[in-house]
Amino acid sequence: MGQGQSDTRARIQGAATVLFRRNGYSGTGLKRIATEAEAPFGSIYHFFPGGKQQLAEETIRTSGAEYGRMVLALLESVPDPVESVTHAFEAAADDLAATDYADACPIATVALEVASTNEVLRAATAEVFAGWLSAGEQWFGRWVPDQNAARSLAYSMIMILEGAFVLSRAARDPAPLRVAGRSMAELLRTAIEQDGGS
């Protein structure tokens with residue numbers, strides 16, 4: 001694949017990532033993706049012969065993995081784990097407000113929409129969430145050696161973050177994310193204290 005072709009493919013996937021995140025799967029048309037990517041409509045089928053579903057699946061897997069790495073980088077950026085969790089939620093609140101409440105989790109909108117209607121995309125979102133869960137369990141496990149407790153914290157962080165995104169977007173207010181961050185930090189603090197006392 002030449003440089004021009006890989007640029008076009010990347011533009012298509014980048015536009016699709018933004019549009020699926022904001023508008024969902026059914027709310028995003030291929031013509032709009034082509035327009036936003038400044039690419040010929042036919043190039044979508046050239047790079048993604050499976051059409052919209054293949055493009056969505058690849059977008060979910062790619063953007064989901066990138067988002068997971070970004071969250072871990074945020075968590076790693078502050079040495080104290082409890083402060084780190086608060087920092088990550090604060091950064092999410094700031095980023096969401098900066099995008100005028102349009103860009104939250106890159107896969108949640110599609111995940112909710114396709115959970116019972118598209119098995120290929122449901123499986124892709126489930127695999128992304130499973131990857132986040134595994135990475136979160138490893139990260140929390142550094143401070144809470146009990147594997148079940150670390151896994152529970154990872155589940156909690158994903159659930160609290162996703163719920164806070166929904167509330168913040170609906171209210172157009174970053175406060176739910178900030179409250180969620182403090183709640184998650186308190187869960188971690190308690191787990192660390194309990195583990196240290198056992």
Side-chain angles (χ1 to χ4, degrees), residues 17-18 20-22 24 59-115 122-198:
T17 297
V18 170
F20 287 137
R21 175 189 306 210
R22 292 181 177 183
T59 297
I60 287 164
R61 293 182 190 283
T62 303
S63 64
E66 287 172 6
Y67 191 76
R69 286 190 294 273
M70 182 202 68
V71 170
L72 281 177
L74 276 171
L75 292 171
E76 293 291 343
S77 70
V78 176
D80 179 81
V82 174
E83 290 176 17
S84 175
V85 167
T86 303
H87 169 70
F89 277 80
E90 288 287 335
D94 292 343
D95 289 347
L96 187 61
T99 65
D100 198 29
Y101 301 92
D103 290 341
C105 172
I107 66 165
T109 303
V110 173
L112 288 170
E113 181 183 0
V114 302
R122 185 214 57 79
T125 59
E127 287 172 26
V128 169
F129 284 128
W132 293 355
L133 180 62
S134 177
E137 181 180 343
Q138 289 178 6
W139 188 82
F140 285 113
R142 290 164 49 190
W143 293 279
V144 182
D146 178 88
Q147 185 177 1
N148 289 333
R151 189 167 185 80
S152 178
L153 286 165
Y155 267 122
S156 294
M157 187 168 77
I158 293 167
M159 293 181 299
I160 288 171
L161 180 62
E162 294 298 343
F165 274 138
V166 171
L167 291 172
S168 286
R169 288 182 79 185
R172 299 183 61 78
D173 183 352
L177 276 162
R178 299 187 198 289
V179 171
R182 292 190 298 272
S183 297
M184 189 63 224
E186 190 54 39
L187 282 175
L188 177 55
R189 179 181 292 108
T190 300
I192 291 170
E193 289 170 357
Q194 287 176 348
D195 192 74
S198 55

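More than 12 heavy atoms of other residues, nucleotides or ligands sit less than 6.0 Å from atom CD of E186.
What you find for A164 and A180 is that their closest heavy atoms are CB-CB, 3.6 Å. For W143 against P79, the heavy-atom pair with the smallest separation is CZ2-O, 4.4 Å. Between R21 and P106, the shortest heavy-atom distance links the atoms NH2-CB, 3.4 Å. Listed here is the closest heavy atom pair of Y101 and P174: OH-CD, 2.9 Å. Contact between V144 and L153 at its shortest, heavy atoms only, is CG2-CD1, 3.8 Å. Residues G64 and V128 approach most closely at CA-CG1, 3.6 Å, considering heavy atoms.
Between T62 and T17 the shortest side-chain heavy-atom distance does not fall below 4.5 Å. The shortest distance between side-chain heavy atoms of R178 and D94 falls below 4.5 Å. Side-chain contact between M157 and W139: absent, with no pair of heavy atoms (C-beta onward) separated by less than 4.5 Å. Counting heavy atoms from C-beta on, the side chains of R169 and T109 come closer than 4.5 Å. Side-chain contact between F140 and P81 is absent, with no heavy atoms from C-beta onward closer than 4.5 Å. At least one side-chain heavy atom of I160 sits less than 4.5 Å from a side-chain heavy atom of F89. The closest side-chain heavy-atom distance from V110 to I60 is below 4.5 Å. Taking 4.5 Å as the limit, some side-chain heavy atom of W132 sits within range of a side-chain heavy atom of I107.
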(request) Could you walk me through whether E76 and R142 pass salt bridge (charged side-chain N to carboxylate O under 4.0 Å, His left out), step by step? (result) CA-CA 12 Å; E76 293 291 343; R142 290 164 49 190; 2.4 Å; yes
(request) Go through the steps to decide whether D95 and D103 satisfy the test side chain to side chain contact (heavy atoms under 4.5 Å, CB included), and finish with yes or no. (result) CA-CA 8 Å; D95 289 347; D103 290 341; over 6 Å; no
(request) Determine, step by step, whether D100 and R22 satisfy the salt bridge (charged side-chain N to carboxylate O under 4.0 Å, His left out) criterion, reporting the C-alpha distance in whole Å, the side-chain angles of both residues, the deciding distance to 0.1 Å, and the verdict. (result) CA-CA 11 Å; D100 198 29; R22 292 181 177 183; over 6 Å; no
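Residue E83 holds its CD atom at 8.5 Å from CZ of R189, rounded to the nearest 0.5 Å. From D80, atom CG reaches atom NE2 of H87 across 12.5 Å, with rounding to the nearest 0.5 Å. Between atom SG of residue C105 and atom CG of residue L96 there is a gap of 11.5 Å, rounded to the nearest 0.5 Å. Annotation: the span from L177 atom CG to S168 atom OG amounts to 3.5 Å, rounded to 0.5 Å.
Taking F165 as the reference, nothing meets the ring-ring contact (aromatic ring centres under 6.0 Å, His included) condition, with sequence neighbours excluded.
With respect to the salt-bridge test (charged N to carboxylate O, under 4.0 angstrom), the residues D146 and R151 do not qualify. In this structure, R122 does not pair ionically with E113, as no charged nitrogen and carboxylate oxygen lie closer than 4.0 Å.
Although no hydrogens or angles enter the test, the distance criterion places no donor-acceptor pair under 3.5 Å between the side chain of S152 and the main chain of N148. Looking only at distances, a side-chain donor or acceptor of S63 sits under 3.5 Å from a matching main-chain atom of T59.
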